[in-house]
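One-based numbering along the sequence shown. Treat the numbers as computed from the prediction; the structure is a model and nothing was measured.
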Amino acid sequence: MGLVSRFLWLMLLGCLLYCEAEGAVHYYDFVVKETNFTRLCQTKSMLTVNDSFPGPEIRVQKGDTAFVTVYNQGPYGITIHWHGVKMPRNPWSDGPEYVTQCPIPAGSNFTQEINFSIEEGTIWWHAHSDWSRATVHGAILVYPANGTTYPYPEPDGQQTIVLASWYNADVMEVYEEAVTSGSEFNTSDAFTINGQPGALYDCSTGTTFRMNVTSGKTYLLRIINAILNEEMFFGIANHNLTVVGTDGFYTKPINVEYIFITPGQTMDVLVTANQTASYYYMAASPFSDSEADFDNSTTTALFQYIGNETVPDPIPFPSLPSYNDSGPPYGFLLRLRSLADAAHPVSVPTNITKHIYMTASVNLIDCPYNNCSGSTDGDRLGASLNNQSFDFPSIDILQAYYKNISGVFTTDFPLEPPIYFNFTAVEVNVTVYTGQGTKVIELDYGDEVELVFQGTNVGNAQNHPMHLHGYSFYLLGLGFGNFDNSTDPLTYNLVDPLELNTIQLSKRGWVAIRFKADNPGVWLMHCHYERHTAWGMAAVFIVKDGGTTNTSMRAPPASMPICASS
């Protein structure tokens, strides 16, 4: 099909089938293919979109719709997820592999419809199949709708900052090796800022990313943590940052020296170039309070004032917390609040109809013939929610649900831990083994859900950035230790709680969230550490239709990727 004919066809499709869109309609082509890149003194071929790392930005206004045609010219199937987009009534284009679709086969294409509704600010897109999101990801910039503006003075400029992982090896080989053996995944060789590792890594000084700024100007930084398995601190030497948004929602401004951002999260941050015109490092370094291996390196970029050609020696470097200091992440999160004004109201569910108490653990799974290398006994490494390790099927759950295909999933996911114990004890006296299954949680349309995540010290415990597809949620409270259902709810913030789609759960703490089940469909919830998702730290919500057209899931598009087993 020629470009003109294809454009006219897409416009007709948008007009005839998707008249719900209130704003403008945008069209993007994503060509997924392998491209050569040189980093850390080595050249390798890796999967990208439109030959770029990070991938292309999507720019829309609140309420717009985008059609993205994904052409898979890579060597294996892939899916794309629009992280932070609610996708009202349209799980068909959400993207998680074997949950809402099967992979787009190599040599084929699939047009996804992305419906922007409540989001405003910075969100992102990424591959949602195996570990391909390491190199297949990019920003989504959602600007205010016509007739509205930012809830802060309009910045003089803006810059997207994407933090990512870099592997010298083929990342899919890293994934396959660990999945096959049942062992730990290898850590990355570097982190990058906008695709460049920065001056602290070999062969990287001359390619360091530079952000040019003008004295006295204020800039909006749109920061995305696309890193696979590490939470990060980020700061700019000698410059304060003002956080004004997270996960596509505005916040009350807070002034900080650095931010803390988990994999999957985004933050909108203002910075004013108000220091002596010179060069300053921006840097990102990891946080880890676990015994698990992690990439303990630091990526840098330059915050460079225009008109100053003299490079200071040394270039000022930001002061970031130690990698194992758990106080700063917790303290940073406690300060964040929703804007909660007339133009940006909060609507916290108060008539709770579904209570869920969910433990998150790192586990072991029995391995056939004891020939795996996840433990000395030949077991496989695993992870679980309420001691259930999610087993991704070979037919997507959404198709099975919509077509009443039996044998793909069951509806008996436990709403509380099967065994209660001292979840956060230094030494947990409980088995590290977990069960496996494809179990879902069913919700009625309109259910008001309170979900308390409980971190445990089972296995090689650590924090978990928990992400929910198809929804945002309100952060009501958090703390260390075991959640107390009698006293902890008395501390909930029901006035201006932070609205998010990804939240940090401490390994020895708890987090309470609420959301209203007003988006029918099939929606994945999982830890945004890629290795934990691969090990099974995931669950699926099925939200039933509400009885009217506007409260029911839309019909599928005609061209969904075909599952090999369907």
If every non-hydrogen atom of Ile123 is compared with every non-hydrogen atom of Ile224, which pair is closest and at what distance?
O-CD1, 3.8 Å
Would you check if there is a donor-acceptor pair between the side chains of Asn324 and Ser322 at a distance under 3.5 Å?
yes
Distance alone, cut at 3.5 Å: any donor-acceptor contact between the side chains of Glu231 and Tyr529?
yes
Would you say that more than 12 heavy atoms from the other residues, nucleotides or ligands in this model lie under 6.0 Å from the CG of Asp202, or not?
no
Considering all heavy atoms of both residues, which atom of Glu184 and which atom of Ala292 are nearest to each other, and what is their separation?
OE2-CB, 4.2 Å
Write down the atom of Glu119, the atom of Lys62, and the distance for their closest heavy-atom approach.
O-CG, 3.5 Å
Output yes when a side-chain donor or acceptor of Asp447 lies under 3.5 Å from a complementary backbone atom of Ala517, and no otherwise.
no
Hey, does the side chain of Asp268 reach the backbone of Val244 with a donor-acceptor pair shorter than 3.5 angstrom?
no
Does the ring of Tyr143 carry Arg222 above it, NZ/CZ under 6.0 angstrom from centre and within 45° of its axis?
yes
Side chains of Thr207 and Gln196: any donor to acceptor distance under 3.5 Å?
yes
Would you tell me whether His83 and Thr266 have side-chain atoms, one donor and one acceptor, within less than 3.5 Å of each other?
no
Give the ring-plane orientation class for His528 versus Trp124, where under 30° counts as parallel, over 60° as perpendicular and anything between as tilted.
tilted
Which value, rounded to the nearest 0.5 Å, describes the distance between Lys439 atom NZ and Phe390 atom CZ?
11.0 Å
Using modelled atom types only, decide if a donor and an acceptor are shared between the side chain of Gln454 and the backbone of Pro417 within a distance under 3.5 Å.
no
Going by heavy atoms in the side chains, are Phe473 and Leu500 under 4.5 Å from each other?
yes
Among all residues two or more places apart in sequence or in another chain, which pass the side-chain hydrogen bond (donor to acceptor under 3.5 Å, both in side chains) test with Asn482?
Asn422, Thr424
Are Thr272 and Thr218 close enough that a side-chain donor and a side-chain acceptor fall under 3.5 Å?
yes
What I want to check is whether the side chains of Asp130 and Tyr175 have a donor and an acceptor closer together than 3.5 Å.
yes
Indicate whether the side chain of Asn186 and that of Tyr167 have a donor and an acceptor atom separated by less than 3.5 Å.
no
Report yes or no: does Thr431 contribute a side-chain atom to a donor-acceptor pair with the main-chain N or O of Tyr433 at less than 3.5 Å?
yes
When rounded to the nearest 0.5 Å, the distance separating NE2 of His467 from SG of Cys527 is 11.5 Å
Ignoring hydrogens and angles, tell me if any N or O in the side chain of Ser384 forms a donor-acceptor pair with the backbone of Asn363 under 3.5 Å.
no
Side-chain ion pair, Arg133 and Glu530, N-O less than 4.0 Å:
yes
Only one of His464, His532, His469 passes side-chain hydrogen bond (donor to acceptor under 3.5 Å, both in side chains) with His526; say which it is.
His469
Please work out whether the ring planes of Tyr330 and Phe480 are parallel, tilted or perpendicular, with thresholds of 30° and 60°.
tilted
Donor-acceptor check, side chain of Arg514 to backbone of Val449, threshold 3.5 angstrom: yes or no?
no
Rounding to 0.5 Å, atoms CG (Asp518) and NZ (Lys86) come to a distance of 3.5 Å
So which atom in Cys372 and which in Arg380 form the shortest heavy-atom distance, rounded to 0.1 Å?
SG-NH2, 3.6 Å
When rounded to the nearest 0.5 angstrom, what is the spacing between NZ in Lys516 and OG in Ser347?
7.0 Å
Quick one: OH on Tyr201 to OG1 on Thr192, what's the gap to the nearest 0.5 Å?
8.5 Å
Please report the C-alpha distance between Ser319 and Glu257 in whole Å, then the side-chain angles of each, then the deciding distance to 0.1 Å, and finally whether the side-chain hydrogen bond (donor to acceptor under 3.5 Å, both in side chains) criterion is met.
CA-CA 8 Å; Ser319 178; Glu257 294 181 7; 5.7 Å; no
What I want to check is whether the side chains of Asp295 and Thr187 have a donor and an acceptor closer together than 3.5 Å.
no
Is it true that atom CG of Asp293 has more than 12 heavy atoms of other residues, nucleotides or ligands lying nearer than 6.0 Å?
no
Heavy-atom pair with the smallest gap, counting every atom of Thr502 and Pro263
CG2-O, 3.7 Å
With the side chain counted from C-beta on, respond yes when Ile315 and Leu302 share a heavy-atom pair under 4.5 Å apart, and no when they do not.
yes
Please evaluate residues Trp131 and Phe185 with respect to the criterion ring-ring contact (aromatic ring centres under 6.0 Å, His included), reporting the C-alpha separation (whole Å), side-chain torsions for both, the decisive distance (0.1 Å), and the verdict.
CA-CA 11 Å; Trp131 270 28; Phe185 293 87; 4.5 Å; yes
For Tyr280, run the ring pair (Phe, Tyr, Trp, His ring centres under 6.0 Å) check against Phe317, Tyr305, Phe303 and tell me which one passes.
Tyr305
Closer than 3.5 angstrom, by distance alone: can the side chain of Asp247 be matched with the main-chain N or O of Asn501 as a donor-acceptor pair?
yes
Have a look at Phe260 and tell me which of Phe234, Phe332, Phe287 forms a ring pair (Phe, Tyr, Trp, His ring centres under 6.0 Å) with it.
Phe287
May I ask you to decide if Lys507's main-chain N or O and Asn463's side chain share a donor-acceptor pair within less than 3.5 Å?
yes
Can we say Lys252 and Asp496 salt-bridge, meaning some charged N sits less than 4.0 Å from an Asp/Glu carboxylate O?
yes
For atom CG of Leu490, is the number of surrounding heavy atoms from other residues, nucleotides or ligands below 6.0 Å larger than 12?
yes
For the pair Ser278 (side chain) and Thr276 (backbone), establish whether a donor and an acceptor sit closer than 3.5 Å, ignoring hydrogens and angles.
no
4.5 Å side-chain heavy-atom contact, Val348 and Pro497
yes
If we only count heavy atoms from C-beta on, is the Val458 to Val430 side-chain gap below 4.5 Å?
yes
Tyr357 and Glu416 side chains, donor-acceptor separation under 3.5 Å
no
Looking only at side-chain N and O atoms, does Asp289 offer a donor or acceptor that is under 3.5 Å from a partner on Ser326?
no
Under a plain distance cut-off of 3.5 Å, with no hydrogens placed, do Glu499 and Ser472 share a side-chain donor-acceptor pair?
yes
Classify the side-chain pair His81/His126 by whether it contains a donor and acceptor separated by less than 3.5 Å.
no
Of all heavy-atom pairs between Ala301 and Thr208, which one has the smallest distance, and what is that distance?
CA-CG2, 3.6 Å
Apply side-chain hydrogen bond (donor to acceptor under 3.5 Å, both in side chains) to Glu120 and Tyr250, showing your working.
CA-CA 8 Å; Glu120 187 173 336; Tyr250 294 118; 2.6 Å; yes
If you round to the nearest 0.5 Å, how far is CG of Asn387 from OG1 of Thr456?
9.5 Å
What's the verdict on ring-ring contact (aromatic ring centres under 6.0 Å, His included) for Tyr323 and Phe294, showing C-alpha distance, side-chain angles and the deciding distance?
CA-CA 10 Å; Tyr323 76 88; Phe294 69 102; 5.4 Å; yes
Between Tyr471 and Phe515, what is the ring plane arrangement, given parallel below 30°, perpendicular above 60°, and tilted in between?
tilted
Judged by atom type as modelled, is there a donor-acceptor pair below 3.5 Å linking the side chain of Trp523 to the main-chain atoms of Asn519?
yes
Does the pair His137 and Phe53 meet the rule for a ring-ring contact (aromatic ring centres under 6.0 Å, His included), with working shown?
CA-CA 8 Å; His137 58 251; Phe53 171 66; 5.7 Å; yes
